[in-house]
Amino acid sequence: MSIKPVRTRFAPSPTGRMHIGNARSALYPFLLARHLGGTFILRIEDTDQKRFELGAEQELIDGLHWLGLNYDEGPDIGGPHEPYRQTERRAIYHEHAWKLVELDKAFPCFCTSERLGTVRQEQLKNKQNPRYDGLCRTLDSDEARRRVNDGEKYVIRFKMPKEGSITTADILRGSITTENSALDDTVLLKSDGLPTYHLGAMVDDHEMQITHVIRGSEWLPSMPLHIHVIRAFGWDEPVFAHLSVFLKPNGKGKMSKRDRADDMKDGHSIFLGDMKELGYIPEGVLNWIALMGWGVAEDDVMTMNQMIERFSIDSLTPSPAAINFQKLDHFNATHIRLLTTDDLAARIKPYFTREGLNVDEEVLLKVVPLLRERLVTLDDCLSFGSFFFKDNVTPAPEDLIAKGLDAVQSAQVAQRAYEILSAQPTISHERCEPPLRAYVEESGLNVNQVFGILRVAVTGQKVSPPLFESMEIIGREKCLLRIKNAIEVLKKM
RNA sequence: GCCCCCAUCGUCUAGUGGCCCAGGACGAAGCCCUCUCAAGGCUUAAACCGGGAUUCGAAUUCCCGUGGGGGCACCA
């Protein structure tokens with residue numbers, strides 16, 4: 001047996017926004033290809049003209065790039081098996097569909113959708129399984145040809161054997177045997193000349209020499225049909241792995257796009273475009289998605305290279321997984337902490353500038369180490385660190401009053417601190433903390449009261465990065481000014 | 001209605017007949033550290049869906065229930 005080079009693919013249809021389900025369907029084949037030194041392909045399955053959405057393909061491509069799931073062949077970069085967009089491969093499907101007719105494995109069907117609808121209703125009424133009643137299956141082939149040539153509308157259906165059974169294999173679940181009598185004469189080529197998934201995907205996977213098909217479990221029931229089609233052509237069968245579906249966070253029901261509104265309210269979304277907006281980084285998203293449906297024994301935090309190194313197709317899990325946004329937050333925060341200072345600086349800078357803040361690179365580089373371990377999402381940098389880039393801050397007056405003190409006492413504390421700090425030629429962690437701690441000692445107050453007042457005065461907020469490191473970055477002049485302002489505010493209360 | 005798949009802590013999972021009074025991670029609780037918030041360290045609570053069968057021995061194999069999910073289009 002010859003070892004074929006591994007080729008995998010992500011074959012989405014451009015019918016909507018890219019969500020985490022799509023991302024995972026792209027991730028696993030990508031990982032498999034990279035792990036085995038194979039090729040990863042992007043193929044666009046745009047044969048449904050009704051559900052087609054302009055811009056969806058670009059969103060898919062953007063999402064893949066954002067995640068770093070770069071493909072070796074695809075519609076925008078070409079490759080040895082182009083085109084990679086199914087609507088541009090019409091002739092190929094047409095030819096293959098008729099090949100099957102010649103082989104007596106398929107037949108042209110002229111039934112109208114009206115008649116099919118009536119038949120289906122009748123079957124349902126009689127509690128029978130809805131399926132094609134076989135009217136055109138026995139049509140004389142010459143007559144069928146004639147009608148086709150006369151321009152009559154037709155589809156091509158698979159001629160499912162009436163008897164026997166077929167055994168198919170899913171690498172995660174083992175073999176599954178299905179009675180052919182339970183299968184239908186499914187449409188392979190639509191009357192608009194484009195293939196259904198059942199023909200299009202099989203033809204392309206063969207032509208593009210795909211060795212491992214990793215796809216959603218919604219395809220599991222039609223796998224017998226797919227194997228029938230592949231065998232009818234006499235082709236080799238790829239390895240199949242069907243991924244489980246994503247469940248809603250509560251575990252009840254399949255994840256759906258309708259939940260988006262609720263998710264966005266608490267800062268979460270299943271759409272990649274939204275996630276980027278919300279401050280999630282690709283490393284975190286990837287790690288999160290990877291672990292839903294892939295069993296890794298220990299050490300959950302992985303970089304892309306570690307994922308590639310450890311991936312194997314049979315460590316995928318067959319059971320449905322409920323999405324858990326808390327875990328996403330954890331992975332995102334963890335990967336943010338893994339970023340270098342320069343990298344993180346570059347990633348959070350846009351959040352500040354978008355707010356109209358003037359970002360000094362040198363200051364930013366000093367701020368990043370203080371922010372790093374406090375960020376869950378990138379946009380958290382705003383609530384934690386905007387004050388670094390503002391000329392002045394406007395704390396809420398009541399926040400300036402320390403616990404257990406009143407406004408007058410708080411003003412006195414601020415005044416004393418001001419004196420201590422202004423006695424220093426420069427403000428640094430080393431210079432400021434000792435004298436202020438000494439003051440805390442002699443005043444009989446506690447550090448939370450004294451440092452708390454200063455924190456609010458200098459940063460404008462009750463929660464901030466460490467006080468003295470922050471003051472050092474802000475600088476002597478601004479710090480003193482802000483404390484002075486705070487004293488004024490307190491005096492007016 | 002019919003067909004198919006799945007089933008370990010709340011969640012994601014490890015586990016391929018003895019190493020399991022079931023391991024890790026998120027989350028939760030507590031403690032430590034601490035100028036706030038985090039991060040970090042330590043600790044605790046928390047699961048093999050039920051019933052049969054096979055076996056000296058079952059989370060692990062088989063059967064039946066139950067629960068959950070998917071599919072039955074000229075959609076993918």
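No experiment lies behind these values; they were computed from the predicted model shown. Lettering of chains follows the sequences in order, A, B, ..., and the numbering in each one begins at 1.
- Taking atom P in both B/G70 and B/C12, the straight-line distance is 15 Å, to the nearest Å.
- When the C1' atom of B/G1 is taken as reference, atom CD of A/Gln128 falls 12 Å away, rounded to whole Å.
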Could you write out each protein N or O paired with an N or O of nucleotides 6-16 of chain B at a distance under 3.5 Å?
residue : atom : partner  : partner atom : Å
B/C12   : OP1  : A/Ala322 : N            : 3.0
B/C12   : O2'  : A/Leu291 : O            : 2.5
B/C12   : O2   : A/Lys327 : NZ           : 3.3
B/U13   : OP1  : A/Gly293 : N            : 2.9
B/U13   : OP1  : A/Thr317 : OG1          : 3.1

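- In this structure, the ring-ring contact (aromatic ring centres under 6.0 Å, His included) partners of A/His96, at least two apart in sequence or on a different chain, are A/Phe233, A/Trp235.
- The distance from atom CZ of A/Arg310 to atom P of B/A25 is 13 Å, rounded to the nearest whole Å.
- A centroid separation of 6.0 Å or more is found between the aromatic rings of A/Phe240 and A/Trp219.
- A donor and an acceptor atom, one from each side chain of A/Tyr93 and A/Asp204, are located under 3.5 Å apart.
- In this entry B/C2 has B/G71 as its Watson-Crick or G-U wobble partner, both defining distances falling under 3.5 Å.
- Nucleotides B/G68 and B/C33 are separated by 45 Å at their C1' atoms, to the nearest Å.
- Position along RNA chain B of the nearest nucleotide to A/Gly452 versus A/Thr178 favours A/Thr178 as the more 5'-ward residue.
- A gap of 28 Å separates the C1' atoms of B/C48 and B/G30, to the nearest Å.
- In this structure, B/G50 and B/C64 make a Watson-Crick or G-U wobble pair, each of the two defining distances being under 3.5 angstrom.
- Going from the P atom of B/C49 to that of B/C32 covers 39 Å, rounded to whole Å.
- Nucleotides B/G67 and B/G24, compared at atom C1', are 27 Å apart to the nearest Å.
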Inset, instruction - Using a 4.0 Å cut-off on protein heavy atoms (strictly under), produce a 5'-to-3' string for nucleotides 70-76 of chain B with B for base contact, S for backbone-only sugar-phosphate contact, and - for none. - result: BSSSBBB

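- Whole-Å rounding puts the A/Asp170 CG to B/C3 P distance at 21 Å.
- Between the CG atom of A/Leu370 and the P atom of B/C35 there is a distance of 15 Å, rounded to whole Å.
- Pairing of B/C26, defined by two Watson-Crick or G-U wobble distances under 3.5 Å, is identified with B/G10.
- Straight-line distance from the NZ atom of A/Lys125 to the C1' atom of B/C2: 19 Å, rounded to whole Å.
- The salt bridge (charged side-chain N to carboxylate O under 4.0 Å, His left out) analysis of residues 164-174 of chain A, with sequence neighbours excluded, yields the pairs A/Asp170-A/Arg173.
- Here, B/U16 and B/U8 have their C1' atoms 14 Å apart, quoted to the whole Å.
- With A/His228 as the partner, the side chain to side chain donor-acceptor pair (under 3.5 Å) test is satisfied by one option alone out of A/Asn180, A/Thr168, A/Thr178: A/Asn180.
- Of the N and O atoms on the side chains of A/Thr341 and A/Arg372, at least one donor lies less than 3.5 Å from an acceptor on the other residue.
- Of the listed residues (A/Ile171, A/Val239, A/Asp205, A/Thr8), just one forms a side-chain contact (heavy atoms from CB on, under 4.5 Å) with A/Val213, and that residue is A/Asp205.
- Rounded to whole Å, atom C1' of B/C2 lies 14 Å from atom CD of A/Glu179.
- For the P atoms, the distance from B/G17 to B/A59 is 13 Å, rounded to whole Å.
- Counting heavy atoms of neighbouring residues, nucleotides and ligands inside a 6.0 Å radius, atom CD of A/Glu441 does not exceed 12 of them.
- Distance, A/Asp329 CG to B/C26 P: 13 Å, rounded to whole Å.
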Throw together a table of side-chain donor-acceptor distances under 3.5 angstrom for residues 119-130 of chain A, partners on residues two or more places apart or in other chains.
residue  : atom : partner  : partner atom : Å
A/Gln123 : OE1  : A/Arg131 : N            : 3.1
A/Gln123 : NE2  : A/Arg131 : O            : 3.0
A/Asn126 : ND2  : A/Glu122 : O            : 3.3

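- Summarising the geometry, the separation between CH2 on A/Trp288 and C1' on B/G27 is reported as 15 Å, rounded to the nearest angstrom.
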List the atom pairs, with distances to 0.1 Å, where a side-chain N or O of residues 154-164 of chain A and a protein N or O form a donor-acceptor pair under 3.5 Å, not counting sequence neighbours.
residue  : atom : partner  : partner atom : Å
A/Tyr154 : OH   : A/Trp98  : NE1          : 3.2
A/Arg157 : NE   : A/Asp185 : O            : 2.8
A/Lys159 : NZ   : A/Asp104 : OD1          : 2.7

Would you be so kind as to tabulate the donor-acceptor pairs closer than 3.5 Å made by side chains of residues 320-333 of chain A, with sequence neighbours excluded?
residue  : atom : partner  : partner atom : Å
A/Asn324 : OD1  : A/Gln326 : N            : 3.0
A/Asn324 : OD1  : A/Lys327 : N            : 3.4
A/Asp329 : OD1  : A/Tyr280 : OH           : 2.6
A/Asn332 : OD1  : A/Ile281 : N            : 2.8
A/Asn332 : ND2  : A/Gly279 : O            : 3.4
A/Asn332 : ND2  : A/Val376 : O            : 2.7

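- In this structure a side-chain-to-backbone donor-acceptor pair under 3.5 Å is missing from A/Arg137 to A/Phe107.
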Inset, instruction - Quick one, give me the B/S/- string for nucleotides 36-41 of chain B, reading 5' to 3', where B means a protein heavy atom under 4.0 Å from the base and S means that only happens at the primed atoms, P, OP1 or OP2. - result: BBBSS-

Each nucleotide N or O in nucleotides 45-49 of chain B that has a protein N or O under 3.5 Å away: list the pair and distance.
none

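- Take A/Phe246 and apply the ring-ring contact (aromatic ring centres under 6.0 Å, His included) test, not counting sequence neighbours, and it matches no residue.
- Taking atom P on both B/C72 and B/U54, the two are 41 Å apart, rounded to the nearest angstrom.
- Every residue two or more places apart in sequence or in another chain that forms a ring-ring contact (aromatic ring centres under 6.0 Å, His included) with A/Phe311 is listed here: A/Tyr28, A/Trp294.
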Below 3.5 Å, can you tabulate the donor-acceptor pairs from side chains in residues 53-61 of chain A to any protein atom, sequence neighbours excluded?
residue : atom : partner : partner atom : Å
A/Glu57 : OE1  : A/Arg85 : NE           : 2.9
A/Glu57 : OE2  : A/Arg85 : NE           : 3.4
A/Glu57 : OE2  : A/Arg85 : NH2          : 2.9
A/Gln58 : NE2  : A/Asp62 : OD1          : 2.9
A/Glu59 : OE2  : A/Met18 : N            : 3.0

